[in-house]
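Within every chain, numbering begins at 1; the chains are lettered A, B, ... in the order of the sequence lines, protein sequences first and strands thereafter.
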Protein chains: 2
Amino acid sequence: MAEETLPEQIARQLRRDILRGKLPPGTTIKERDNAAELGVSRTPMREAIRILAQEGLVILRPARSPIVAQPSIKEISDQVEVLIALEKLSLELACKNASDSEINDLTATLDYMDKNFESADPLDMFEVDMGFHHALAVMSHNDVIAELHQTLLERLWRARYMAARRRRNRERVIVQHGAIVDALRARDRAAALIAIEAHLGHLDRDIRNVLAQEAEAALVTK
Amino acid sequence: MAEETLPEQIARQLRRDILRGKLPPGTTIKERDNAAELGVSRTPMREAIRILAQEGLVILRPARSPIVAQPSIKEISDQVEVLIALEKLSLELACKNASDSEINDLTATLDYMDKNFESADPLDMFEVDMGFHHALAVMSHNDVIAELHQTLLERLWRARYMAARRRRNRERVIVQHGAIVDALRARDRAAALIAIEAHLGHLDRDIRNVLAQEAEAALVTK
DNA sequence: CAATCATTTTTGGTATACCAAATTCAAAAA
DNA sequence: TTTTTGAATTTGGTATACCAAAAATGATTG
């Protein structure tokens, strides 16, 4: 049996539907209907909706149906700004706090990506990439950073995925990740910062471009 | 009538009791008992408990009563580390993004603190101090930063309050705040960073000291 | 007396019933 | 035809009832 509670399962299901686009932004989430659809009562559905609201995926409105959030470009951009700052901070701390075995694990991930970059499913590779970055956050040995990083990654999942699909090239991912790991192994904070800045430098712009294109496409459809 | 929902009211009440020490760490929060005490049903009490869990004030345990969290010194320290990083980032962004009128408002707060520092209730002054710092976060014009900053301030309320009581001196607060505002007005990022570092430099150590003393005192009592 | 197992009680999780606010829509009046 | 009003419906908020798991209690046995 799963360790996951029922509300968490429901939240996961809804989250999936939202991120994959099955529930587009603006869709109302009615407690009764959605609960009935999944064969559960309103109580756990309610709690699931609160979880997603906390994650920023749905918006609660007083005395109204919650709706799927439509993050503005500014909101996404703000989140990216914090994500980048967190990764920089993580890396600085990781230079000091990460254990050798953690760094070795990171190297293993790197090798895996290197070997499978072209053959693997892009979505799987994207997940591995997210794992690499989150591992950096964990290696800061600061649980608050790791938690926040996780939250931001989740919120930005869709935007990052779309940006990554567009800008998928081996050099960017493998070589730049390698530079980060090298700096980390050398415990060289300055080099690590340079490496992560090179890696994340265009993330904000890329995501903005993708979102802008998407917004434009949506206008044309109408 | 209040705009606040019932669960939020309950959460606020419980939060107060926890932060003020009426509900010491380790206390179990039983849905039925607490709901009955406040004359509400379990449903909104449940939701209130979830809100506090999200804030880190209570810990949910599967199939067990939630308990008031007892943050370890490491946890607090991690939070302080992130808070400081956020304030630095805020200030850098505020140098670029803050409007002149926002900076003027900050100056007004500064003057208020200057005039009333000795006479006002320490707790009130502490709130004003928190307001000053949060205003910096808002002036970054990055909503994610402002939100995170608010969350961390709340979680650290008790620890910061106790540290501030101990280290209450005019120089530290007024002059250092003044330096921050001056740098901000000059849009001088480097100066701003120096000023905020001078101001927050000892926060982590102060809080650690207070917590260590408190832990020791608790041991003696036993 | 100690240990263990069955039973009772407590407690969180879930379902359902009820309520009040908000929305919708139709009928009537201008 | 348009506007207004009020009744019916929808929907989230709250209370309550029920269930299952866990803890506490106590009796029985070694």
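When the ring pair (Phe, Tyr, Trp, His ring centres under 6.0 Å) test is applied to A:H149, the partners found at least two apart in sequence or on another chain are A:H134. Legend: residues meeting salt bridge (charged side-chain N to carboxylate O under 4.0 Å, His left out) with B:E31, ordered by chain and number and at least two apart, are B:R42, B:R46. Residues that satisfy the side chain to side chain contact (heavy atoms under 4.5 Å, CB included) test with B:N104, not counting sequence neighbours, are B:R185. With sequence neighbours excluded, the residues satisfying ring pair (Phe, Tyr, Trp, His ring centres under 6.0 Å) with B:F132 are B:H177. Not counting sequence neighbours, the partners of A:A192 by the side chain to side chain contact (heavy atoms under 4.5 Å, CB included) test are A:L91, A:C95, A:A183. Every residue was checked against the side chain to side chain donor-acceptor pair (under 3.5 Å) condition with A:Q70, not counting sequence neighbours, and none meets it.
Using a 4.0 Å cutoff on non-hydrogen atoms, the parts of residues 36-49 of chain B near DNA chain C are B:R42, B:R46, ordered by number.
In this structure, A:E31 atom CD and C:dA15 atom C1' are separated by 13 Å, rounded to whole Å. Between A:K30 atom NZ and D:dG13 atom P the separation is 15 Å, expressed in whole Å. One interatomic measurement links the two molecules: CG of A:L6 to C1' of D:dA21, which rounds to 16 Å at whole-angstrom precision. Protein atom CG of B:N34 is 17 Å distant from nucleotide atom C1' of D:dA15, rounded to whole Å. Across the protein-nucleic acid pair, B:I67 atom CD1 and D:dA23 atom C1' stand 16 Å apart, rounded to whole Å.
Of the side-chain N and O atoms in B:S65, one or more sit less than 4.0 angstrom from OP1 or OP2 of C:dG12.
Each salt bridge (charged side-chain N to carboxylate O under 4.0 Å, His left out) pair with one or both residues in residues 56-75 of chain B, not counting sequence neighbours, appears once here: B:K74-B:D78. Judged as a salt bridge (charged side-chain N to carboxylate O under 4.0 Å, His left out), not a single pair has a partner in residues 136-157 of chain A (not counting sequence neighbours). Applying the salt bridge (charged side-chain N to carboxylate O under 4.0 Å, His left out) test to every pair with at least one member in residues 84-98 of chain A, sequence neighbours left out, gives these pairs: A:K88-A:E197, A:E92-A:R189.
Residue-level contact check: B:I29 touches the backbone only, with heavy atoms under 4.0 Å from sugar-phosphate atoms and none from bases.
The pair A:D204-A:R208 meets the salt-bridge criterion, with a side-chain N (NZ, NE, NH1 or NH2) lying under 4.0 Å from an Asp/Glu carboxylate O.
For the helix from C:dC1-D:dG30 to C:dA30-D:dT1, the terminal axes (five pairs an end, C1' atoms, rotation from four pairs onto the next four) enclose an angle of 0°, given to 10 degrees.
Residues B:M139 and B:I103 are in side-chain contact: their nearest non-hydrogen atoms beyond the backbone lie under 4.5 Å apart.
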Counting primed atoms, P, OP1 and OP2 as sugar-phosphate and everything else as base, the B/S/- map of nucleotides 19-25 of chain C against protein heavy atoms under 4.0 Å is ---SS--

